[in-house]
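Beneath this line is the structure, given in structure tokens, with notes to follow.
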Amino acid sequence: MSEFFNIPKIQYEGKASTNPLAFKYYNPDEVIGGKPMREQLKFALSWWHTMCGDGTDMFGVGTADKKWGGSDPMEIAKNKAYAAFEIMDKLSVDYYCFHDRDIAPEAGSLKETNARLDEISDVLKDLMDKSGKKLLWGTANCFNNPRYMHGAGTAPNADVFAFAAAQIKKAIELTVKLGGNGYVFWGGREGYETLLNTNLGLEQDNMARLMKMAVEYARSIGFKGDFYIEPKPKEPTKHQYDFDTATVLGFLRKYDLLGDFKMNIEANHATLAGHTFQHELRVARENGVFGSIDANQGDMLLGWDTDQFPTNIYDAVFCMYEVLKAGGFTNGGLNFDSKARRGSFTPEDIFYSYIAGMDTFALGLRMADKLIKDGRIDKFVDDRYASWKTGIGADVISGKAKMAELEAYALEKGDVISAVSSGRQEMLESILNNVLFSD
């Protein structure tokens with residue numbers, strides 16, 4: 001088969017290179033933090049943006065040709081697969097992620113649609129066997145079709161709920177068939193526009209019922225990986241039930257789902273929720289639900305999900321700091337849920353975009369490893385909380401101290417203003433810059 005891209009395999013040339021089709025920081029087999037970079041980062045191609053997204057937005061038609069030389073829907077779907085594996089090979093990307101409707105177009109009936117998915121998944125399986133590429137995670141697109149205008153798992157109509165369950169069942173089967181170790185629930189329309197027409201309690205109960213059924217079925221057919229929920233506060237619905245990591249944690253605890261579910265954290269979703277990317281990762285890590293990451297960034301001057309390729313070095317450093325502190329990825333990875341800008345429409349722009357994102361996170365990994373090895377920030381935090389290791393602090397943590405003992409202690413100590421120390425934020429930010437930009 002002829003190539004889709006007249007572009008050579010992208011090589012690592014180092015930070016001094018000015019070649020736009022070369023990695024400056026990503027050297028796949030270089031060991032950082034005890035593992036090769038490709039294992040620390042586990043980059044994945046997003047099928048929906050890279051292979052399907054043509055630049056269409058609310059104000060205009062597409063600017064990029066994503067038919068990949070095909071003329072009918074299934075030929076286009078197959079060519080997407082061939083082109084995707086060429087992209088992954090030339091970029092040294094080892095994984096991909098998909099929604100069911102990304103890899104094969106929906107047909108006139110569920111039966112026919114499933115047959116199309118079977119045909120395309122056979123093509124994907126063959127390409128994976130030949131190339132060694134892997135599926136990071138799969139999911140179902142239960143938000144695009146008009147049947148899901150009021151939600152899927154939270155739909156007010158039981159027939160829509162049943163259709164969504166059937167669609168998710170098939171997507172899980174595809175994920176297992178292709179060896180994926182993750183399955184994602186993203187509540188694209190699982191939320192509400194107004195409470196005037198919404199039974200919030202029933203909708204959340206039903207979402208939990210659907211997730212429990214999905215877990216039960218997946219385990220019964222041999223799925224041993226992680227289920228993920230991807231938090232997002234809004235868009236397309238005004239208020240989504242998976243608002244942020246803390247909100248989802250409450251949901252998982254209420255419905256006893258913590259044993260099977262972790263978080264798929266997206267940078268742009270974090271900022272839409274009014275958080276930093278690192279905040280969402282830290283909350284997930286500290287609560288034992290860190291799973292996978294959708295790597296992108298938003299535009300802070302725009303109030304919607306722009307899904308830009310990540311180039312913010314500070315965000316990448318803080319992200320990889322959390323990943324390393326979590327012990328690295330297990331079943332998850334860094335999926336580029338990112339799209340080239342509408343004005344970047346040529347085939348070469350796909351490669352420029354991925355190189356930018358991959359180099360950003362490779363540099364973030366390098367700097368996060370340096371930051372941890374430098375140790376000054378970790379030591380400062382450890383020293384700041386030292387009073388909890390001995391004396392009254394240790395008694396509180398152990399449960400020995402009660403309210404009466406704490407009152408007696410406070411009465412004896414008197415005013416404790418002298419015990420309050422500076423947070424030294426500015427000094428720590430200076431240390432961060434020193435670590436990042438020193439040779």
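Basis for what follows: all heavy atoms, side chains included, without hydrogens, waters or symmetry-related copies.
- Not counting sequence neighbours, the partners of Glu322 by the salt bridge (Lys or Arg N to Asp or Glu O under 4.0 Å) test are Arg282, Arg285.
- For the pair Lys42 and Tyr95, the cation sits on the ring face: its NZ or CZ lies under 6.0 Å from the ring centre, inside 45° of the axis.
- Residues forming a ring-ring contact (aromatic ring centres under 6.0 Å, His included) with His279 (at least two apart in sequence, or on another chain): His275.
- Applying the side-chain contact (heavy atoms from CB on, under 4.5 Å) criterion to Asp94, with sequence neighbours excluded, gives Arg38, Lys133.
- Remark: Asp369 does not engage Lys35 in a salt bridge, criterion side-chain N to carboxylate O under 4.0 Å.
- The CE atom of Met263 lies 5.0 Å from the OG1 atom of Thr245; values are rounded to the nearest 0.5 Å.
- Asp118 meets the salt bridge (Lys or Arg N to Asp or Glu O under 4.0 Å) test with Lys170; sequence neighbours excluded.
- Partner Tyr96 forms a ring pair (Phe, Tyr, Trp, His ring centres under 6.0 Å) with one of Phe43, Trp47, Phe336 and no other, that one being Trp47.
- Residues forming a ring-ring contact (aromatic ring centres under 6.0 Å, His included) with Phe290 (at least two apart in sequence, or on another chain): Phe329.
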Less than 3.5 Å apart, which donor and acceptor atoms pair up between the side chains of residues 420-429 and the rest of the protein, not counting sequence neighbours?
unit_1: Ser422; atom_1: OG; unit_2: Arg424; atom_2: N; d: 3.1
unit_1: Gln425; atom_1: NE2; unit_2: Glu429; atom_2: OE2; d: 3.0

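- Residues that satisfy the side-chain contact (heavy atoms from CB on, under 4.5 Å) test with Phe59, not counting sequence neighbours, are Asp57.
- Side-chain contact between Val184 and His99 is absent, with no heavy atoms from C-beta onward closer than 4.5 Å.
- Asp315 is linked by a salt bridge (Lys or Arg N to Asp or Glu O under 4.0 Å) to nothing, counting only residues two or more places apart in sequence or in another chain.
- For the side-chain contact (heavy atoms from CB on, under 4.5 Å) criterion with Thr360, the lone passing option out of Val317, Ile355, Ile313 is Ile313.
- Shown here is Lys413, whose NZ atom has no more than 12 heavy atoms of other residues, nucleotides or ligands within 6.0 Å.
- Under the side-chain hydrogen bond (donor to acceptor under 3.5 Å, both in side chains) criterion, Lys177 pairs with Ser121, Asp122, not counting sequence neighbours.
- Side-chain contact, Thr50 with Tyr354: a donor N or O sits under 3.5 Å from an acceptor N or O.
- For Lys370 and Asp374, the salt-bridge test fails: no basic side-chain N is under 4.0 Å from an acidic carboxylate O.
- For Arg341, the salt bridge (Lys or Arg N to Asp or Glu O under 4.0 Å) test picks out no residue, with sequence neighbours left out.
- Considering only residues two or more places apart in sequence or on other chains, Lys90 meets the side-chain contact (heavy atoms from CB on, under 4.5 Å) condition with Glu3, Phe5, Glu86, Phe351.
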Which donor-acceptor pairs under 3.5 Å do side chains of residues 391-398 form with protein atoms, sequence neighbours excluded?
unit_1: Ser398; atom_1: OG; unit_2: Ala394; atom_2: O; d: 3.2
unit_1: Ser398; atom_1: OG; unit_2: Asp395; atom_2: O; d: 3.1
unit_1: Ser398; atom_1: OG; unit_2: Lys400; atom_2: N; d: 3.3

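- Looking at heavy atoms from C-beta onward, Trp137 lies in side-chain contact with Tyr228 at the 4.5 angstrom threshold.
- Across all their heavy atoms, Val160 and Ala155 have their closest contact at CG1-CB, 3.7 Å.
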